[in-house]
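Comments concern the structure below.
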Amino acid sequence: MKHWKRTGLILAGILVLIGIYYYIALPAVNIHAAGFWTFILSLLAVLLVLAAVRAAAQGGRSRDLAEGLRDLKGVTAKKSVKLMLILFSGVFLFYIAGSVLSSPVVNAKRYQKLLEPVTGDFAEDVEEVDYNRIPLLDKDSAELLGNRKMGSMVDMVSQFEVSSIYSQINVNGRPVRVTPLVYASPIKWLTNQKQGIPAYITIDMATQNTELVKLSPGIRYSESEYLNRNIYRHLRFRYPTYIFDQLSFEIDDEGTPYWICPVKDFTIGLFGGQTIGKVVLCNAVTGECTSMPVEECPTWVDRVYPADLLIQLYDYHGTLINGFFNSILGQKGCLKTTEGYNYLALDDDVWVYTGVTSVSGDRSNVGFVLINQRTRETRYYEVAGAEEYSAMESAEGQVQNLGYKATFPLLLNIVDEPTYFIALKDNAGLVKKYAMVNIQKYQNVAIGDTVAACEQTYMKMLRAGGTSTGDAKETEKIRGAIKRIAQGVIEGNTHFYLTLGSSDLIFDVPLTEHMEVLACDVGDEVEIGYSEGDPVCQVHSLTVPEK
């Protein structure tokens with residue numbers, strides 16, 4: 001009876017430890033999950049040690065356990081120890097074999113076809129730039145604005161902080177970064193978790209407008225919760241077999257916060273060929289979850305496939321084109337993505353942009369690729385030119401006396417020319433200037449204090465270089481009498497704003513580019529060449545009357 005009680009207590013203790021481990025580590029109960037096999041091997045190792053200790057104690061010539069442990073002769077013959085050894089070894093060998101058989105070493109062709117790019121036409125696929133919708137800020141700059149906004153909210157700043165998520169999404173056609181608040185500490189969680197997190201922050205990447213959106217009721221399911229409302233624990237208890245990839249925080253078109261939870265799908269063996277097969281949408285306020293195939297994901301969702309996964313899939317496509325060993329040794333025809341990536345808004349979706357270069361490590365690109373984060377659609381553009389970091393160095397070289405640092409480029413279409421757009425920041429992380437670098441002629445760099453000034457310098461550079469499309473921006477002209485004229489200062493630069501006759505358009509005339517505007521007055525007849533805006537138009541040429 002004592003023997004059975006002791007065995008029962010041991011088993012109960014093991015079950016308690018398993019429960020604690022599951023609650024904390026949250027492994028998926030799925031044979032495709034590496035964490036599941038780690039859990040099984042750990043459990044078998046514990047049972048093996050317990051069986052060995054028990055056998056040693058029973059095999060000792062005295063009641064002294066230490067002496068019994070020293071007398072290990074014949075212990076391995078015990079059936080329980082043999083059984084545990086066989087189970088542990090079998091599971092371990094099965095795991096190793098599954099890893100090898102799932103790897104690119106034996107499945108190079110299948111890995112290479114996980115992503116199938118189509119060759120696109122840059123001028124047709126990527127619309128000409130709309131400066132009202134250019135994401136001028138990178139994540140680091142967005143964090144500065146978010147923290148500054150939080151610091152001004154005196155009723156919240158002592159209880160909450162800003163999360164570092166800052167997901168880039170499209171909201172009603174505009175590039176926006178959005179991030180929730182988090183509890184400032186476990187004590188602040190304890191005193192506020194009943195009401196939940198009361199707000200999230202949105203940052204318009206074009207206008208830099210930062211807004212703290214208050215919620216009632218608040219966000220109750222998040223990464224900063226500690227118990228059952230922790231978003232990962234909430235998902236695991238709802239979907240114990242799902243293997244989740246990186247979660248993202250988004251808002252729908254009505255501003256309702258959601259967690260977008262992609263579910264991994266392994267298409268090659270046990271652990272290989274990872275893609276995304278399903279997506280779970282979790283309402284961050286109510287915790288309501290909806291699971292669906294990735295093909296049925298609603299269009300307001302922007303990030304289903306993590307950018308790192310998409311980059312890895314394209315690298316498989318480029319490096320394994322002639323087999324695994326060629327990717328290591330001869331490397332014939334092998335291409336890879338460049339270091340770093342950025343985002344581009346197209347057709348109300350967010351696309352990952354990165355350059356494509358040879359594996360030899362040269363400083364030029366053979367093209368670039370755009371990959372849709374919602375659908376995995378992939379477009380390749382064969383445009384030889386500068387690698388991103390070469391363009392960044394060229395931009396920094398133009399302002400080396402100021403010590404500004406370049407952000408990773410954004411890809412723009414300017415009069416059908418693929419162009420790198422780069423923000424230049426000072427040591428405090430504030431954007432001070434902008435640069436435009438033609439991908440194919442990266443030695444020519446246009447610098448401006450504003451986007452408009454930078455673009456005008458770039459357009460002049462294109463025309464000077466003989467690019468016929470450089471005049472496309474001046475297709476619109478207007479002539480009329482000045483109805484109103486106003487003056488303003490933007491980032492230290494003077495701008496004049498004109499309206500003409502009965503037109504509702506406002507014409508932005510940078511003083512640094514058109515000194516002749518100083519001779520203008522209300523009632524003067526002028527002719528303006530401009531690019532359309534809504535309603536502010538950028539002026540490219542200004543003809544004023546002689547007085």
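If you're wondering where the values come from, they're calculated on a predicted model, not measured in any experiment.
Contact detail for C454 and A446: the closest heavy-atom pair is SG-O, 3.5 Å. The shortest heavy-atom contact between D125 and Y381 is OD2-OH, 2.8 Å. Minimum interatomic distance between L411 and P418 (heavy atoms only, all atoms of both residues): CD1-CB, 4.4 Å. Shown here for R177 and A142, the closest heavy-atom pair between the two residues is CD-CB, 3.7 Å. Across all their heavy atoms, S364 and T357 have their closest contact at O-OG1, 2.7 Å. Scanning both residues, E388 and T354, for their nearest heavy atoms gives OE2-C, 3.7 Å.
Residues satisfying the salt bridge (Lys or Arg N to Asp or Glu O under 4.0 Å) criterion with K139, sequence neighbours excluded, are absent altogether. Listed by chain and number, the residues in a salt bridge (Lys or Arg N to Asp or Glu O under 4.0 Å) with D349 are R374 (sequence neighbours excluded). For Q398, there are no side-chain hydrogen bond (donor to acceptor under 3.5 Å, both in side chains) partners, not counting sequence neighbours. The side-chain hydrogen bond (donor to acceptor under 3.5 Å, both in side chains) search around W300 returns none, not counting sequence neighbours. With sequence neighbours excluded, no residue forms a ring pair (Phe, Tyr, Trp, His ring centres under 6.0 Å) with Y420. The side-chain hydrogen bond (donor to acceptor under 3.5 Å, both in side chains) check on N170 picks up nothing, with sequence neighbours excluded. Residues satisfying the ring pair (Phe, Tyr, Trp, His ring centres under 6.0 Å) test with Y166, not counting sequence neighbours, are none. In terms of the ring pair (Phe, Tyr, Trp, His ring centres under 6.0 Å) criterion, residue partners of F122 (sequence neighbours excluded) are, by chain and number, F368. For H317, the ring pair (Phe, Tyr, Trp, His ring centres under 6.0 Å) partners are Y314, not counting sequence neighbours. Annotation: side-chain hydrogen bond (donor to acceptor under 3.5 Å, both in side chains) contacts of E143 (sequence neighbours excluded): none.
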Using a 3.5 Å cut-off and no angle test, enumerate the donor-acceptor pairs between side-chain atoms of residues 214-225 and protein atoms at least two apart in sequence or in another chain.
unit_1 : atom_1 : unit_2 : atom_2 : d
R220   : NH1    : K194   : O      : 3.0
S222   : OG     : S224   : N      : 3.4
S222   : OG     : S224   : OG     : 3.2
E223   : OE2    : Y232   : OH     : 2.6
E225   : OE1    : W189   : NE1    : 2.8
E225   : OE2    : Y183   : OH     : 3.0
E225   : OE2    : R229   : NH2    : 3.1

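Summarising the geometry, atom CD belonging to E525 is positioned 11.5 Å from atom OG1 belonging to T543; distances are rounded to the nearest 0.5 Å. The distance from atom CG of N438 to atom CE of M461, rounded to the nearest 0.5 Å, is 9.5 Å. Between I201 atom CD1 and M153 atom CE the span is 8.5 Å, to the nearest 0.5 Å. Note that CZ of R379 and CG of D121 are 11.0 Å apart. Values are rounded to the nearest 0.5 Å. Interatomic distance, L281 CG to C261 SG, rounded to the nearest 0.5 Å: 7.5 Å. Rounded to the nearest 0.5 Å, atoms CG (D521) and CD1 (I485) are 7.0 Å apart.
At least one side-chain heavy atom of M156 sits under 4.5 Å from a side-chain heavy atom of L181. Proximity of V301 to Y258: side-chain heavy atoms (C-beta onward) are nowhere separated by under 4.5 Å. Looking only at side-chain heavy atoms (C-beta outward), L247 and L235 come within less than 4.5 Å of each other. You'll find the side chain of Q373 reaches within 4.5 Å of the side chain of L310, heavy atoms only. The shortest distance between side-chain heavy atoms of Y434 and L136 falls below 4.5 Å. Contact check for L424 versus V431: no side-chain heavy atoms found under the 4.5 Å cut-off. Counting heavy atoms from C-beta on, the side chains of T419 and F421 never come closer than 4.5 Å. Using a 4.5 Å heavy-atom threshold, the side chains of M436 and I414 count as touching.
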- Go through the steps for K425 and D138 under the test salt bridge (charged side-chain N to carboxylate O under 4.0 Å, His left out), then give the verdict. CA-CA 11 Å; K425 302 196 294 187; D138 60 2; 3.1 Å; yes

- Might you work through the side-chain contact (heavy atoms from CB on, under 4.5 Å) test for T202 and I251, ending with a clear yes or no? CA-CA 10 Å; T202 64; I251 57 176; 4.2 Å; yes

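Sparse packing is recorded around CD of E339, with 12 or fewer heavy atoms of other residues, nucleotides or ligands lying under 6.0 Å away. Within a 6.0 Å radius of CD in E516, other residues, nucleotides and ligands contribute more than 12 heavy atoms. Heavy atoms of other residues, nucleotides or ligands lying less than 6.0 angstrom from CD of E288 number 12 at most.
Aromatic ring centres of Y497 and F507: separated by at least 6.0 Å. Centroid-to-centroid, the aromatic rings of Y343 and W351 stay 6.0 Å apart or farther.
By the 4.0 Å N-to-carboxylate-O rule, D204 lies close enough to R174 to be salt-bridged with it.
A donor-acceptor contact shorter than 3.5 Å is absent between the side chain of D524 and the backbone of C520. Here the side chain of E387 pairs a donor or acceptor atom with the backbone of S390 at under 3.5 angstrom.
The side-chain hydrogen bond (donor to acceptor under 3.5 Å, both in side chains) test with R303 is passed by exactly one of Q168, E250, Q246: Q246. The only member of N365, D315, V366, T338 that meets side-chain contact (heavy atoms from CB on, under 4.5 Å) when paired with V356 is V366.
A side-chain donor-acceptor contact under 3.5 Å links Q274 and D245.
Pairs engaging residues 499-508 under the side chain to side chain donor-acceptor pair (under 3.5 Å) rule: H495-D508 [sequence neighbours left out].
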